[in-house]
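Proteins come first, then strands; the chains are lettered A, B, ... in the order of their sequence lines, and each starts at number 1. Computed from a prediction, not measured in an experiment: that's the story for all the values here. For the numbers below, each heavy atom of this structure counts, side chains included, while hydrogens, waters and symmetry mates do not.
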Protein chains: 4
Amino acid sequence: MRANKTPTEQVRRAQIVAAAIEVIARDGVAQASFKVIAEQAGLSSTGLISYHFAGKQDLIDEVGREILARFTEFVLDRTDGVEEPTAVLRGFIAANVDFLRTHRNHASTLVRIKNDLATVDLARSDQAALAAVLRQGQNSGVLRAFDPHLMAVFVLSIRDGLIRQLDLDPELDLDAATREFTTLVDLATRRT
Amino acid sequence: MRANKTPTEQVRRAQIVAAAIEVIARDGVAQASFKVIAEQAGLSSTGLISYHFAGKQDLIDEVGREILARFTEFVLDRTDGVEEPTAVLRGFIAANVDFLRTHRNHASTLVRIKNDLATVDLARSDQAALAAVLRQGQNSGVLRAFDPHLMAVFVLSIRDGLIRQLDLDPELDLDAATREFTTLVDLATRRT
Amino acid sequence: MRANKTPTEQVRRAQIVAAAIEVIARDGVAQASFKVIAEQAGLSSTGLISYHFAGKQDLIDEVGREILARFTEFVLDRTDGVEEPTAVLRGFIAANVDFLRTHRNHASTLVRIKNDLATVDLARSDQAALAAVLRQGQNSGVLRAFDPHLMAVFVLSIRDGLIRQLDLDPELDLDAATREFTTLVDLATRRT
Amino acid sequence: MRANKTPTEQVRRAQIVAAAIEVIARDGVAQASFKVIAEQAGLSSTGLISYHFAGKQDLIDEVGREILARFTEFVLDRTDGVEEPTAVLRGFIAANVDFLRTHRNHASTLVRIKNDLATVDLARSDQAALAAVLRQGQNSGVLRAFDPHLMAVFVLSIRDGLIRQLDLDPELDLDAATREFTTLVDLATRRT
DNA sequence: CATGAATGAGGATTCATTCAT
DNA sequence: CATGAATGAATCCTCATTCAT
């Protein structure tokens, strides 16, 4: 509709997105009706959601965009300045697991809506970024030869699987998981 | 209600389950209404689904049970008789990828409903079986020390991630993916 | 359909009617679906009910007929041979309350389906019989002048109200209720 | 949800309740589907009923509450200011019968839904109020000794029976019925 | 912008009934 | 006669969306 969003609009959208993340993490996508999201957000009407979003798909997409933005920002913060490729890789994994720890709802919601995202490109950008890191490691000679994109898919699949496993088993030892995860990627990628 | 199902009942349930698998693989869980499933199955009314299943959850669970049964059977067929642990592992991965190839709808539906299954135990039995294989490899000395259950979670996460990736990118080279997947697991698990 | 019922047919109908009485007394008319009644009767199919009854209304009517027949028979047994009008009246009330005691399900079901009976005449025959007794009492001079039919309606209303009250309050003292009921009718009808 | 209802909400609820009363009085509880009630109320869809009521039971309960409120108000208007217990009693009966006359649908609906009311307490409050009047009459010495609560049950049962009889026989002479009813209660309760 | 009432399509499920075996 | 599978209309209810205020 409108190209530019007013500040109020942005605040409202953010508020609704935050509520949606909570609800989806707690109850699942199927139960995340506008009614429940509005209640979670403390809104008095579901109409307000429809007013600020073009439709349910738009809201879901915004939720995905928001989570991926925070996720990316979080990971970049943790790996910024690191040069050595294997260190970047280890930092990447550690940052990913740390994000689950500190933003469990975001993480849980992300894997739950991945199938429903209209803009698949968002998810792909993740893969592309990691693939670039891997390729760089190969070029610098510390990583062995493999398909960087496929390896990125594998690594991110493990991360997502970890999030799902954490939903099933909240008692999971994340420190141990991080170590095993790091070791696995190290062994699987480094030049022997 | 009844402990034993009549043959007619079994056939109808199987027919409905098959239709549900098609629909979920094609349109997603959210779009898999009784109406669409009934049409896919060529049934005269949605009432027939309710007649044969206690509810939607019951149908979803049966779908999960059916897919996992076929999946397990398929993988066991391919790995039966193999003794050497690393060979079992390679066979396991190859069989898993082959299943995606030959039963893409089953695979796609499985990852889509995993979150919705009431009986999570089904999914867990997968993990337990693979963990047992890994533990055996450790005991026989060919695999290095790691947490077998966590490693099973990782391996199966990659498999599931591959299924999702295949939904996003149907042109994915599965042969190459199998090779990379096998190499990754080999490097990550074998004793150096 | 058929004019004459075979013995088997009669037995089946009676069995279904008995089950319906149990279900309606326990769960109410609204919950008395063919499915529940069939389960209560130990039948394997609701089709059997449809086979033996022209429709749900037919079943309800048969239930009403059956209960009223037993009720009438029960009351007549207890008042047979009594001549003196006030004694008949007292016996009538005592018999009615005794019926509640010994056939609570029948009684409860009767008041629950009264609104739904197609053949209202059944309920009316009750009123007519009691009105006749009252008229006889007036003719013999022991009862005062009043509209016999209205008085019959009143007395039977109290009886039905007692059944409903018993459903609400199972601890109700029926002996005390019988005494109060008898006294009320005595005072209200006898010639001063 | 909300503690206070908006005026619009109150109006709509009242409109739906009024329609439900009409439908139940005309067709019975079993036929009173949301569809029929919505048509009676001139609503565009049954969804509007669900929007304003938590469920069918909520609507039924509101119907009961509404009728009893009007009934109580009506009777209190007619007996207010009367002191002498027997006069109160006569006034109570007259007011009850007058209510049937002027609010036949309300009365008819009330007896039809009495079994279905979730909040039985509503019906009981009626009994308690009448029992209090009777007890007062006993204390002042004009009424004989009897169980006030049981007598209240009896009197209200007659009233309800009268409503049912009026449904069966619309030609019933209500004036005569009032006289007989009043006489009965007078004879049954006064000290001799 | 926000509200909440209204809309109507679509959801799963229950129902009495029919019918082939 | 009995069975149980099938039918399809009808049930209540939820949903995202619209709109007047």
Problem - Distance (rounded to the nearest 0.5 Å) between B/K35 NZ and B/Q40 CD - result: 13.5 Å

Handout entry: Atom pair CD1/CD1 of A/I60 and A/I113 - distance to nearest 0.5 Å
Key = 6.0 Å

Handout entry: Distance-only polar pair, side chains of B/S108 and B/R112, donor-acceptor under 3.5 Å
Key = yes

Problem - Nearest heavy atoms of C/S50 and C/F34, plus distance in Å - result: OG-CE2, 3.6 Å

Practice task
Please work out if B/S45 contacts a base, only the sugar-phosphate, or nothing of the nucleic acid, heavy-atom cut-off 4.0 Å.
Solution key: base

Problem - Phosphate-side-chain proximity, A/R12 and E/dA2, N/O vs OP1/OP2 below 4.0 Å - result: yes

Practice task
Could you tell me whether the side chain of D/T46 has a donor or acceptor atom within less than 3.5 Å of a complementary atom in the base of F/dT11?
Solution key: no

Handout entry: Length of the CD-P vector between A/Q10 and E/dC1, whole Å
Key = 10 Å

Exercise for the section: Kindly check if the number of other-residue, nucleotide or ligand heavy atoms within 6.0 Å of CZ (B/R70) is above 12? Expected result: no

Practice task
Would you mind reading off the distance between D/F53 atom CZ and E/dA6 atom C1', rounded to a whole angstrom?
Solution key: 15 Å

Exercise for the section: Return yes if some donor-acceptor pair links the side-chain N/O of B/E62 with the main-chain N/O of B/A14 below 3.5 Å, else return no. Expected result: no

Exercise for the section: Please state whether the phosphate of E/dT3, meaning OP1 or OP2, lies under 4.0 angstrom from any side-chain nitrogen or oxygen of A/S44. Expected result: yes

Practice task
Give the rounded distance in Å between these two atoms: CZ of A/F34 and P of F/dC13.
Solution key: 23 Å

Problem - Value in whole Å for how far the P atom of E/dG8 lies from CG of D/L43 - result: 11 Å

Practice task
Would you tell me if any nitrogen or oxygen in the side chain of B/S50 comes within less than 4.0 Å of OP1 or OP2 on E/dA12?
Solution key: no

Problem - Comparing C/G47 and A/G47 on DNA chain F - which has the more 5′ nearest nucleotide - result: C/G47

Exercise for the section: Report the secondary structure of DNA chain E in dot-bracket form, marking unpaired bases with a dot and bases paired to a different strand with |, and treating Watson-Crick or G-U pairs with both distances under 3.5 Å as paired. Expected result: .||||||||||||||||||||

Exercise for the section: Take atom NZ of C/K35 and atom C1' of E/dT14, then tell me their distance rounded to the nearest Å. Expected result: 8 Å

Exercise for the section: For the residue pair C/R12 and C/Q15, confirm or rule out a side-chain donor-acceptor distance under 3.5 Å. Expected result: yes

Handout entry: Partners passing side chain to side chain contact (heavy atoms under 4.5 Å, CB included) against B/D160 (at least two apart in sequence or in another chain)
Key = B/V111, B/K114, B/I163, B/R164

Exercise for the section: Check D/R13, D/Q10, D/K5 against D/H52 for a side chain to side chain contact (heavy atoms under 4.5 Å, CB included) and give me the one that passes. Expected result: D/R13

Handout entry: For DNA chain E, the residues among residues 55-63 of chain B that have a non-hydrogen atom under 4.0 Å from it
Key = B/G55, B/K56

Practice task
Look at the side-chain N and O atoms of D/H52 and state whether any lies under 4.0 Å from the OP1 or OP2 oxygen of E/dG4.
Solution key: no

Practice task
Check whether the side chain of B/Y51 and the base of F/dA5 form a donor-acceptor pair under 3.5 Å.
Solution key: yes

Practice task
Starting at atom CG of A/L48, determine the distance to atom C1' of F/dA16, rounded to an integer number of angstrom.
Solution key: 14 Å

Practice task
Using a heavy-atom cut-off of under 4.0 Å over every strand shown, decide if C/T8 touches base, sugar-phosphate, or nothing.
Solution key: sugar-phosphate

Problem - From CD1 (C/I37) to OG1 (C/T46), nearest 0.5 Å - result: 10.5 Å

Practice task
Let me know the distance between CD of A/Q31 and P of F/dT14, rounded to the nearest Å.
Solution key: 12 Å

Problem - Distance, rounded to the nearest Å, where D/R13 contributes CZ and E/dA6 contributes P - result: 13 Å

